[in-house]
Protein chains: 2
Amino acid sequence: MPDVKHFDPQEALERAERVFWQHGSAAASVQVLTAATGLNRSSLYATFGSKQELYLAALRHYIGTTSHPAFRALAEDERGLPAVRDFFDGLITLRCTGPYAGWGCMVVNAQAGTENADPQVRAVLAEHHTQLCAAFRTALETARAQGQLSPDLPLAETAESLALLAYGVNLHSRSGATADTLRRTTAHTLDTLTRKA
Amino acid sequence: MPDVKHFDPQEALERAERVFWQHGSAAASVQVLTAATGLNRSSLYATFGSKQELYLAALRHYIGTTSHPAFRALAEDERGLPAVRDFFDGLITLRCTGPYAGWGCMVVNAQAGTENADPQVRAVLAEHHTQLCAAFRTALETARAQGQLSPDLPLAETAESLALLAYGVNLHSRSGATADTLRRTTAHTLDTLTRKA
DNA sequence: ATCAACTTGGAACGCACGTTTCAAGTTGAT
DNA sequence: ATCAACTTGAAACGTGCGTTCCAAGTTGAT
(Lines give C-alpha, C1' and ligand atoms only; values in the text may rest on other atoms or scores of the structure.)
Protein backbone atom coordinates (compact mmCIF):
# COMPACT_ATOMS: atom_id res chain seq x y z
CA MET A 1 0.00 0.00 0.00
CA PRO A 2 2.59 2.51 0.98
CA ASP A 3 4.68 4.70 -1.15
CA VAL A 4 7.95 3.13 -2.15
CA LYS A 5 11.48 4.49 -1.79
CA HIS A 6 12.58 6.73 -4.60
CA PHE A 7 16.17 5.55 -4.37
CA ASP A 8 18.28 2.43 -3.99
CA PRO A 9 19.32 2.03 -0.31
CA GLN A 10 22.23 -0.19 -1.29
CA GLU A 11 23.67 2.43 -3.60
CA ALA A 12 23.12 5.13 -0.99
CA LEU A 13 24.99 2.99 1.53
CA GLU A 14 27.90 2.59 -0.84
CA ARG A 15 28.11 6.30 -1.48
CA ALA A 16 28.04 7.00 2.24
CA GLU A 17 30.69 4.34 2.73
CA ARG A 18 33.04 6.20 0.42
CA VAL A 19 32.54 9.44 2.32
CA PHE A 20 33.22 7.75 5.65
CA TRP A 21 36.19 5.88 4.19
CA GLN A 22 37.83 9.01 2.87
CA HIS A 23 37.02 11.45 5.64
CA GLY A 24 36.23 9.39 8.72
CA SER A 25 33.07 9.30 10.74
CA ALA A 26 33.51 12.59 12.59
CA ALA A 27 34.49 14.67 9.56
CA ALA A 28 31.67 13.32 7.41
CA SER A 29 28.79 15.63 8.22
CA VAL A 30 25.19 14.78 7.57
CA GLN A 31 25.13 17.58 5.05
CA VAL A 32 27.98 16.00 3.09
CA LEU A 33 26.35 12.60 3.38
CA THR A 34 23.06 13.84 1.98
CA ALA A 35 24.90 15.51 -0.88
CA ALA A 36 26.90 12.36 -1.63
CA THR A 37 23.96 9.99 -1.44
CA GLY A 38 21.52 12.31 -3.20
CA LEU A 39 18.84 11.69 -0.61
CA ASN A 40 17.72 14.19 1.95
CA ARG A 41 17.79 14.12 5.72
CA SER A 42 14.38 12.56 6.14
CA SER A 43 15.06 9.67 3.83
CA LEU A 44 18.51 9.16 5.30
CA TYR A 45 17.26 8.99 8.86
CA ALA A 46 14.22 6.90 7.93
CA THR A 47 16.42 4.39 6.17
CA PHE A 48 19.52 4.21 8.37
CA GLY A 49 18.38 5.48 11.77
CA SER A 50 21.26 7.73 12.71
CA LYS A 51 24.64 8.81 11.46
CA GLN A 52 26.36 6.36 13.77
CA GLU A 53 24.22 3.46 12.57
CA LEU A 54 24.90 4.50 9.01
CA TYR A 55 28.61 4.50 9.74
CA LEU A 56 28.45 1.05 11.26
CA ALA A 57 26.48 -0.26 8.29
CA ALA A 58 29.00 1.33 5.94
CA LEU A 59 31.92 -0.18 7.84
CA ARG A 60 30.35 -3.62 7.74
CA HIS A 61 29.63 -3.20 4.05
CA TYR A 62 33.22 -2.17 3.43
CA ILE A 63 34.53 -5.25 5.20
CA GLY A 64 32.06 -7.49 3.44
CA THR A 65 32.83 -6.21 -0.03
CA THR A 66 36.51 -5.24 0.22
CA SER A 67 38.19 -7.13 3.05
CA HIS A 68 36.42 -10.47 3.02
CA PRO A 69 36.87 -11.20 -0.69
CA ALA A 70 40.57 -10.44 -0.35
CA PHE A 71 40.83 -12.65 2.73
CA ARG A 72 39.04 -15.45 0.96
CA ALA A 73 41.24 -15.20 -2.11
CA LEU A 74 44.27 -15.32 0.14
CA ALA A 75 43.13 -18.30 2.16
CA GLU A 76 41.85 -20.32 -0.77
CA ASP A 77 44.85 -19.74 -2.99
CA GLU A 78 46.75 -23.00 -3.32
CA ARG A 79 50.08 -21.46 -4.22
CA GLY A 80 51.22 -20.47 -0.74
CA LEU A 81 53.66 -17.58 -0.61
CA PRO A 82 52.78 -16.22 -4.05
CA ALA A 83 49.26 -15.78 -2.75
CA VAL A 84 50.61 -13.63 0.07
CA ARG A 85 52.65 -11.63 -2.40
CA ASP A 86 49.60 -11.07 -4.58
CA PHE A 87 47.59 -10.03 -1.56
CA PHE A 88 50.05 -7.27 -0.77
CA ASP A 89 50.42 -6.27 -4.40
CA GLY A 90 46.68 -5.93 -4.78
CA LEU A 91 46.44 -4.04 -1.53
CA ILE A 92 49.12 -1.58 -2.52
CA THR A 93 47.61 -1.06 -5.95
CA LEU A 94 44.25 -0.30 -4.40
CA ARG A 95 45.75 2.08 -1.86
CA CYS A 96 48.02 4.02 -4.17
CA THR A 97 46.27 4.09 -7.54
CA GLY A 98 42.75 4.45 -8.84
CA PRO A 99 39.83 6.31 -7.34
CA TYR A 100 40.64 5.41 -3.74
CA ALA A 101 44.32 6.34 -3.79
CA GLY A 102 45.41 7.96 -0.55
CA TRP A 103 42.26 6.97 1.31
CA GLY A 104 43.97 4.24 3.32
CA CYS A 105 41.88 1.40 4.72
CA MET A 106 38.56 2.24 6.31
CA VAL A 107 39.18 -0.33 9.04
CA VAL A 108 42.64 0.96 9.85
CA ASN A 109 41.41 4.54 9.84
CA ALA A 110 38.74 3.52 12.33
CA GLN A 111 41.34 1.95 14.60
CA ALA A 112 43.26 5.19 14.89
CA GLY A 113 40.30 7.52 15.07
CA THR A 114 37.39 8.47 17.28
CA GLU A 115 35.31 5.72 15.71
CA ASN A 116 37.28 3.34 17.89
CA ALA A 117 35.46 4.63 20.97
CA ASP A 118 32.21 2.91 20.03
CA PRO A 119 32.04 -0.65 21.45
CA GLN A 120 30.23 -1.94 18.39
CA VAL A 121 32.94 -0.56 16.14
CA ARG A 122 35.61 -2.06 18.36
CA ALA A 123 33.96 -5.45 18.06
CA VAL A 124 33.94 -5.20 14.28
CA LEU A 125 37.60 -4.19 14.26
CA ALA A 126 38.57 -7.08 16.52
CA GLU A 127 36.74 -9.55 14.34
CA HIS A 128 38.38 -8.09 11.26
CA HIS A 129 41.81 -8.57 12.82
CA THR A 130 41.07 -12.18 13.71
CA GLN A 131 39.93 -12.92 10.18
CA LEU A 132 42.94 -11.24 8.61
CA CYS A 133 45.33 -13.24 10.76
CA ALA A 134 43.41 -16.43 10.03
CA ALA A 135 43.68 -15.85 6.30
CA PHE A 136 47.42 -15.23 6.55
CA ARG A 137 47.77 -18.31 8.71
CA THR A 138 45.96 -20.48 6.18
CA ALA A 139 48.11 -19.19 3.37
CA LEU A 140 51.23 -19.82 5.44
CA GLU A 141 50.13 -23.39 6.15
CA THR A 142 49.73 -23.93 2.44
CA ALA A 143 53.19 -22.50 1.92
CA ARG A 144 54.66 -24.71 4.58
CA ALA A 145 53.07 -27.81 3.10
CA GLN A 146 54.88 -26.98 -0.11
CA GLY A 147 58.18 -26.42 1.64
CA GLN A 148 58.28 -22.72 0.85
CA LEU A 149 58.93 -21.57 4.39
CA SER A 150 61.87 -21.67 6.74
CA PRO A 151 61.23 -24.84 8.72
CA ASP A 152 61.17 -23.29 12.18
CA LEU A 153 59.07 -20.29 11.28
CA PRO A 154 56.20 -20.04 13.78
CA LEU A 155 52.99 -19.68 11.80
CA ALA A 156 50.87 -17.81 14.31
CA GLU A 157 53.47 -15.16 15.01
CA THR A 158 54.29 -14.79 11.34
CA ALA A 159 50.63 -14.34 10.47
CA GLU A 160 50.27 -11.70 13.17
CA SER A 161 53.41 -10.01 11.90
CA LEU A 162 52.04 -9.91 8.36
CA ALA A 163 48.83 -8.40 9.67
CA LEU A 164 50.77 -5.63 11.36
CA LEU A 165 52.72 -5.11 8.16
CA ALA A 166 49.45 -4.79 6.24
CA TYR A 167 48.27 -2.22 8.77
CA GLY A 168 51.49 -0.31 8.26
CA VAL A 169 51.02 -0.37 4.51
CA ASN A 170 47.45 0.89 4.80
CA LEU A 171 48.44 3.61 7.19
CA HIS A 172 51.47 4.81 5.33
CA SER A 173 49.66 4.80 2.01
CA ARG A 174 47.37 7.44 3.50
CA SER A 175 50.25 9.74 4.26
CA GLY A 176 51.83 9.73 0.84
CA ALA A 177 53.85 6.55 0.49
CA THR A 178 54.44 5.57 -3.11
CA ALA A 179 53.36 2.22 -4.47
CA ASP A 180 56.92 1.57 -5.50
CA THR A 181 58.37 1.96 -2.02
CA LEU A 182 55.63 -0.08 -0.43
CA ARG A 183 56.03 -2.86 -2.96
CA ARG A 184 59.77 -3.11 -2.48
CA THR A 185 59.33 -3.12 1.28
CA THR A 186 56.71 -5.83 1.36
CA ALA A 187 58.48 -7.89 -1.29
CA HIS A 188 61.63 -7.89 0.76
CA THR A 189 59.73 -8.78 3.92
CA LEU A 190 58.21 -11.79 2.24
CA ASP A 191 61.66 -12.78 1.03
CA THR A 192 62.84 -13.15 4.61
CA LEU A 193 60.20 -15.80 5.20
CA THR A 194 61.81 -18.13 2.70
CA ARG A 195 65.32 -18.02 4.09
CA LYS A 196 66.57 -21.27 5.52
CA ALA A 197 67.50 -21.43 9.19
CA MET B 1 56.43 46.60 31.94
CA PRO B 2 53.59 44.32 31.06
CA ASP B 3 51.81 41.86 33.20
CA VAL B 4 53.31 38.43 33.10
CA LYS B 5 51.65 35.11 32.33
CA HIS B 6 50.01 33.45 35.30
CA PHE B 7 50.85 29.97 34.03
CA ASP B 8 53.63 27.94 32.48
CA PRO B 9 53.12 27.76 28.70
CA GLN B 10 55.30 24.68 28.47
CA GLU B 11 53.17 22.78 30.94
CA ALA B 12 49.99 23.96 29.23
CA LEU B 13 51.36 22.68 25.94
CA GLU B 14 52.09 19.30 27.45
CA ARG B 15 48.61 19.01 28.90
CA ALA B 16 47.10 19.94 25.56
CA GLU B 17 49.39 17.43 23.89
CA ARG B 18 47.94 14.64 25.99
CA VAL B 19 44.40 15.62 25.06
CA PHE B 20 45.26 15.68 21.34
CA TRP B 21 47.19 12.44 21.65
CA GLN B 22 44.34 10.59 23.27
CA HIS B 23 41.40 12.04 21.38
CA GLY B 24 42.75 13.49 18.17
CA SER B 25 42.60 17.03 16.92
CA ALA B 26 38.96 17.09 15.86
CA ALA B 27 37.55 15.46 18.99
CA ALA B 28 39.55 17.71 21.32
CA SER B 29 37.30 20.74 21.71
CA VAL B 30 38.54 24.07 22.93
CA GLN B 31 36.38 23.61 25.99
CA VAL B 32 38.15 20.36 26.85
CA LEU B 33 41.52 21.95 26.14
CA THR B 34 40.86 24.85 28.48
CA ALA B 35 39.75 22.43 31.18
CA ALA B 36 42.84 20.26 30.72
CA THR B 37 45.30 23.12 30.61
CA GLY B 38 43.61 25.13 33.35
CA LEU B 39 43.83 28.33 31.34
CA ASN B 40 40.90 30.06 29.74
CA ARG B 41 40.13 30.83 26.16
CA SER B 42 41.77 34.24 26.13
CA SER B 43 45.08 32.96 27.46
CA LEU B 44 45.00 29.94 25.23
CA TYR B 45 44.44 31.97 22.08
CA ALA B 46 46.90 34.69 23.12
CA THR B 47 49.59 32.08 23.71
CA PHE B 48 49.04 29.57 20.93
CA GLY B 49 47.13 31.48 18.26
CA SER B 50 44.51 28.94 17.28
CA LYS B 51 43.49 25.39 17.98
CA GLN B 52 45.25 24.21 14.84
CA GLU B 53 48.49 25.97 15.75
CA LEU B 54 48.23 24.52 19.23
CA TYR B 55 47.81 21.07 17.73
CA LEU B 56 50.85 21.53 15.53
CA ALA B 57 52.92 22.74 18.47
CA ALA B 58 51.74 19.77 20.52
CA LEU B 59 52.57 17.35 17.72
CA ARG B 60 56.05 18.80 17.35
CA HIS B 61 56.52 18.67 21.10
CA TYR B 62 55.40 15.05 21.15
CA ILE B 63 57.90 14.13 18.48
CA GLY B 64 60.65 16.08 20.18
CA THR B 65 60.13 14.57 23.59
CA THR B 66 58.88 11.08 22.76
CA SER B 67 59.98 10.05 19.27
CA HIS B 68 63.35 11.72 18.92
CA PRO B 69 64.85 10.43 22.17
CA ALA B 70 63.79 6.93 21.21
CA PHE B 71 65.24 7.35 17.72
CA ARG B 72 68.49 8.64 19.15
CA ALA B 73 68.77 5.80 21.63
CA LEU B 74 68.16 3.36 18.81
CA ALA B 75 70.71 4.91 16.45
CA GLU B 76 73.41 5.43 19.03
CA ASP B 77 73.15 2.02 20.61
CA GLU B 78 76.27 0.04 19.75
CA ARG B 79 74.74 -3.37 20.23
CA GLY B 80 72.92 -3.68 16.92
CA LEU B 81 69.91 -5.97 16.91
CA PRO B 82 69.43 -5.89 20.69
CA ALA B 83 68.93 -2.15 20.33
CA VAL B 84 66.13 -2.81 17.87
CA ARG B 85 64.62 -5.33 20.22
CA ASP B 86 64.74 -2.86 23.09
CA PHE B 87 63.19 -0.19 20.90
CA PHE B 88 60.16 -2.36 20.25
CA ASP B 89 59.97 -3.54 23.84
CA GLY B 90 59.97 0.01 25.12
CA LEU B 91 57.43 1.02 22.52
CA ILE B 92 55.08 -1.79 23.43
CA THR B 93 55.43 -1.10 27.13
CA LEU B 94 54.56 2.54 26.58
CA ARG B 95 51.60 1.70 24.39
CA CYS B 96 50.07 -1.02 26.53
CA THR B 97 50.87 -0.09 30.12
CA GLY B 98 51.03 3.03 32.21
CA PRO B 99 49.10 6.28 31.87
CA TYR B 100 49.13 6.28 28.06
CA ALA B 101 47.98 2.71 27.53
CA GLY B 102 45.60 2.43 24.59
CA TRP B 103 46.38 5.89 23.27
CA GLY B 104 48.47 4.65 20.38
CA CYS B 105 51.06 6.97 18.85
CA MET B 106 50.12 10.58 18.28
CA VAL B 107 51.95 10.56 14.96
CA VAL B 108 50.28 7.41 13.72
CA ASN B 109 46.89 8.66 14.84
CA ALA B 110 47.51 11.80 12.83
CA GLN B 111 48.36 9.78 9.74
CA ALA B 112 45.01 8.04 9.79
CA GLY B 113 42.91 11.00 10.82
CA THR B 114 41.69 14.33 9.58
CA GLU B 115 44.85 15.98 10.89
CA ASN B 116 46.54 14.51 7.85
CA ALA B 117 44.72 17.00 5.62
CA ASP B 118 46.83 19.94 6.82
CA PRO B 119 50.00 20.36 4.69
CA GLN B 120 52.06 21.41 7.70
CA VAL B 121 51.02 18.27 9.55
CA ARG B 122 51.81 16.16 6.52
CA ALA B 123 55.28 17.64 6.37
CA VAL B 124 55.88 16.79 10.01
CA LEU B 125 54.66 13.25 9.46
CA ALA B 126 56.89 12.79 6.44
CA GLU B 127 59.92 14.02 8.34
CA HIS B 128 59.08 11.74 11.23
CA HIS B 129 58.97 8.77 8.90
CA THR B 130 62.31 9.64 7.38
CA GLN B 131 63.90 9.93 10.80
CA LEU B 132 62.41 6.67 12.01
CA CYS B 133 63.72 4.82 8.98
CA ALA B 134 67.12 6.46 9.36
CA ALA B 135 67.36 5.34 12.98
CA PHE B 136 66.47 1.78 12.06
CA ARG B 137 68.95 1.89 9.23
CA THR B 138 71.76 3.03 11.50
CA ALA B 139 70.99 0.30 14.00
CA LEU B 140 70.92 -2.26 11.20
CA GLU B 141 74.30 -1.07 9.94
CA THR B 142 75.68 -1.54 13.42
CA ALA B 143 74.18 -5.00 13.51
CA ARG B 144 75.65 -5.85 10.14
CA ALA B 145 79.10 -4.68 11.18
CA GLN B 146 78.88 -7.17 14.00
CA GLY B 147 77.71 -9.99 11.76
CA GLN B 148 74.30 -10.22 13.32
CA LEU B 149 72.32 -10.01 10.09
CA SER B 150 71.72 -12.33 7.21
CA PRO B 151 74.41 -11.30 4.71
CA ASP B 152 72.16 -10.43 1.83
CA LEU B 153 69.57 -8.55 3.83
CA PRO B 154 68.93 -5.17 2.14
CA LEU B 155 69.26 -2.50 4.81
CA ALA B 156 67.02 0.18 3.36
CA GLU B 157 64.11 -2.17 2.73
CA THR B 158 64.50 -3.79 6.11
CA ALA B 159 64.50 -0.43 7.84
CA GLU B 160 61.36 0.56 5.98
CA SER B 161 59.78 -2.75 6.87
CA LEU B 162 60.57 -2.23 10.55
CA ALA B 163 59.03 1.22 10.37
CA LEU B 164 55.82 -0.25 8.97
CA LEU B 165 55.91 -2.87 11.70
CA ALA B 166 56.22 -0.13 14.32
CA TYR B 167 53.24 1.64 12.76
CA GLY B 168 51.28 -1.58 12.99
CA VAL B 169 52.22 -1.99 16.63
CA ASN B 170 51.15 1.56 17.43
CA LEU B 171 47.92 1.20 15.58
CA HIS B 172 46.97 -2.18 16.95
CA SER B 173 47.82 -1.16 20.48
CA ARG B 174 45.07 1.44 20.21
CA SER B 175 42.46 -1.16 19.38
CA GLY B 176 43.13 -3.49 22.24
CA ALA B 177 46.16 -5.58 21.38
CA THR B 178 47.89 -7.00 24.45
CA ALA B 179 51.53 -6.31 25.22
CA ASP B 180 52.14 -10.04 25.26
CA THR B 181 50.89 -10.62 21.73
CA LEU B 182 52.72 -7.61 20.34
CA ARG B 183 55.95 -8.64 22.01
CA ARG B 184 55.84 -12.17 20.68
CA THR B 185 55.03 -10.86 17.22
CA THR B 186 57.83 -8.33 17.09
CA ALA B 187 60.31 -10.71 18.74
CA HIS B 188 59.65 -13.28 16.07
CA THR B 189 59.94 -10.73 13.31
CA LEU B 190 63.35 -9.67 14.55
CA ASP B 191 64.36 -13.32 14.70
CA THR B 192 63.83 -13.64 10.97
CA LEU B 193 66.47 -10.97 10.38
CA THR B 194 69.19 -13.13 11.88
CA ARG B 195 68.57 -16.24 9.81
CA LYS B 196 71.30 -17.12 7.42
CA ALA B 197 70.56 -17.16 3.73
C1' DA C 1 52.32 57.22 41.81
C1' DT C 2 51.82 56.76 37.18
C1' DC C 3 51.09 54.50 32.96
C1' DA C 4 51.77 51.63 29.06
C1' DA C 5 51.82 46.68 28.27
C1' DC C 6 49.93 42.68 28.98
C1' DT C 7 46.84 39.04 31.00
C1' DT C 8 42.55 37.35 32.47
C1' DG C 9 37.59 35.99 32.91
C1' DG C 10 33.40 35.88 30.75
C1' DA C 11 30.13 37.05 27.55
C1' DA C 12 29.05 37.02 22.91
C1' DC C 13 29.81 36.11 17.99
C1' DG C 14 28.18 33.46 13.86
C1' DC C 15 28.12 28.99 12.22
C1' DA C 16 27.66 24.07 11.61
C1' DC C 17 26.39 20.07 13.82
C1' DG C 18 22.97 15.80 14.38
C1' DT C 19 18.30 15.24 14.91
C1' DT C 20 13.18 16.01 14.84
C1' DT C 21 9.03 17.50 13.03
C1' DC C 22 5.38 18.08 9.78
C1' DA C 23 2.67 19.29 5.85
C1' DA C 24 2.43 17.83 1.15
C1' DG C 25 3.00 14.31 -2.15
C1' DT C 26 3.06 9.52 -3.90
C1' DT C 27 2.04 4.81 -3.98
C1' DG C 28 -0.62 0.43 -4.49
C1' DA C 29 -4.07 -2.61 -2.62
C1' DT C 30 -8.98 -2.56 -2.05
C1' DA D 1 -12.05 6.35 -6.17
C1' DT D 2 -10.60 5.75 -1.75
C1' DC D 3 -7.48 5.48 1.94
C1' DA D 4 -3.92 3.89 4.83
C1' DA D 5 1.04 3.58 4.48
C1' DC D 6 4.94 5.55 3.40
C1' DT D 7 8.28 8.96 1.41
C1' DT D 8 9.90 13.42 0.63
C1' DG D 9 11.45 18.32 1.08
C1' DA D 10 12.17 22.04 3.96
C1' DA D 11 12.16 24.34 8.03
C1' DA D 12 13.30 24.33 12.67
C1' DC D 13 15.18 22.35 16.97
C1' DG D 14 18.77 22.87 20.60
C1' DT D 15 23.61 22.25 21.25
C1' DG D 16 28.34 22.83 20.83
C1' DC D 17 31.84 24.44 17.93
C1' DG D 18 36.17 27.81 17.13
C1' DT D 19 36.94 32.42 17.61
C1' DT D 20 36.61 37.38 18.94
C1' DC D 21 35.88 41.05 21.89
C1' DC D 22 36.23 43.95 25.91
C1' DA D 23 36.15 45.59 30.57
C1' DA D 24 38.71 44.73 34.68
C1' DG D 25 42.86 43.43 36.79
C1' DT D 26 47.91 42.94 37.22
C1' DT D 27 52.54 43.88 36.36
C1' DG D 28 57.08 46.35 36.34
C1' DA D 29 59.74 50.15 34.59
C1' DT D 30 59.82 55.13 35.07
Side-chain angles (χ1 to χ4, degrees), chain A residues 1-59 109-110 113-121, chain B residues 1-59 109-110 113-121:
Chain A
M1 288 179 176
D3 190 3
V4 91
K5 284 194 199 308
H6 301 181
F7 60 92
D8 178 4
Q10 185 72 9
E11 190 182 318
L13 179 62
E14 285 166 8
R15 289 179 187 269
E17 173 193 331
R18 271 168 236 143
V19 175
F20 282 130
W21 178 6
Q22 187 178 10
H23 298 109
S25 171
S29 70
V30 172
Q31 184 169 222
V32 169
L33 287 168
T34 57
T37 57
L39 42 89
N40 61 21
R41 293 165 125 84
S42 299
S43 305
L44 194 149
Y45 274 82
T47 308
F48 299 107
S50 69
K51 182 184 157 180
Q52 181 63 17
E53 292 177 75
L54 174 56
Y55 174 78
L56 248 172
L59 182 62
N109 297 348
T114 319
E115 298 87 349
N116 190 14
D118 183 329
Q120 294 189 86
V121 172
Chain B
M1 286 182 179
D3 190 3
V4 90
K5 283 194 200 312
H6 301 180
F7 60 93
D8 179 5
Q10 185 73 8
E11 190 182 317
L13 180 62
E14 286 167 7
R15 290 178 187 269
E17 173 194 330
R18 270 168 236 142
V19 174
F20 282 132
W21 178 4
Q22 187 177 11
H23 298 108
S25 172
S29 70
V30 173
Q31 184 168 223
V32 169
L33 288 167
T34 56
T37 57
L39 43 89
N40 60 20
R41 293 164 123 86
S42 298
S43 306
L44 193 149
Y45 274 83
T47 308
F48 300 107
S50 69
K51 181 184 158 180
Q52 181 63 17
E53 291 177 76
L54 175 55
Y55 174 79
L56 248 173
L59 182 62
N109 297 348
T114 321
E115 297 88 349
N116 191 14
D118 182 330
Q120 294 189 88
V121 172

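Here is how names work: the chains are called A, B, and so on, in the same order as the sequence lines, proteins then strands, and each is numbered from 1.
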> Looking only at heavy atoms, which two atoms of Ala12(A) and Leu39(A) are closest? And how far apart?
Replying inline: CB-CD2, 3.6 Å

> Do you know which two heavy atoms are closest between Pro9(B) and Thr47(B), and how far apart they sit?
Replying inline: CB-CG2, 4.3 Å

> In residues 7-15 of chain A, which residues come under 4.0 Å of DNA chain D by heavy atom?
Replying inline: Phe7(A)

List, with names and distances, any nitrogen or oxygen atoms from the protein found under 3.5 Å away from nitrogen or oxygen atoms belonging to nucleotides 13-15 of chain D.
none

Is there any protein nitrogen or oxygen under 3.5 Å from a nitrogen or oxygen in nucleotides 14-16 of chain C, and what are the pairs?
none

Give one of base, sugar-phosphate or nothing for [X], where a contact means two heavy atoms less than 4.0 Å apart.
{"X": "Val30(B)", "result": "base"}
{"X": "Ala26(A)", "result": "nothing"}
{"X": "Ala27(A)", "result": "nothing"}

Using the side chain to side chain donor-acceptor pair (under 3.5 Å) criterion, which residues pair with [X]? Sequence neighbours excluded.
{"X": "Gln52(A)", "result": "Asp118(A)"}
{"X": "Arg15(B)", "result": "Glu11(B)"}
{"X": "Asp8(A)", "result": "none"}
{"X": "Ser50(A)", "result": "Glu53(A)"}

>> Between Lys51(B) (side chain only) and Ala28(B) (backbone N and O only), is there a donor and an acceptor less than 3.5 Å apart?
In response: yes

> To the nearest Å, how far apart are Gln52(A) CD and dG18(C) P?
Replying inline: 11 Å

> Asp3(B) has an atom CG; how far is it from atom P of dA24(D), in whole Å?
Replying inline: 17 Å

> Please, which pairs that meet side chain to side chain donor-acceptor pair (under 3.5 Å) have at least one residue in residues 17-39 of chain A, sequence neighbours excluded?
Replying inline: Glu17(A)-His61(A)

> Quick one: side chain to side chain contact (heavy atoms under 4.5 Å, CB included) partners of Thr114(A), sequence neighbours excluded?
Replying inline: Ala27(B)

>> Quick test of your reading: applying ring-ring contact (aromatic ring centres under 6.0 Å, His included), list the pairs with at least one residue in residues 29-59 of chain B, sequence neighbours left out, ordered by first then second residue.
In response: Phe20(B)-Tyr55(B)

> For DNA chain C, which residues in residues 35-50 of chain A have a heavy atom at a distance below 4.0 Å?
Replying inline: Arg41(A), Ser42(A), Tyr45(A), Ser50(A)

>> As a check on the pairing definition, encode DNA chain C in dot-bracket form, counting Watson-Crick and G-U wobble pairs whose two distances are under 3.5 Å, and using | for partners outside this strand.
In response: ||||||||||||||||||||||||||||||

> If each of Ser25(B) and His6(B) is mapped to the nucleotide of DNA chain D with the nearest heavy atom, which maps nearer the 5' terminus, i.e. the 5' end?
Replying inline: Ser25(B)

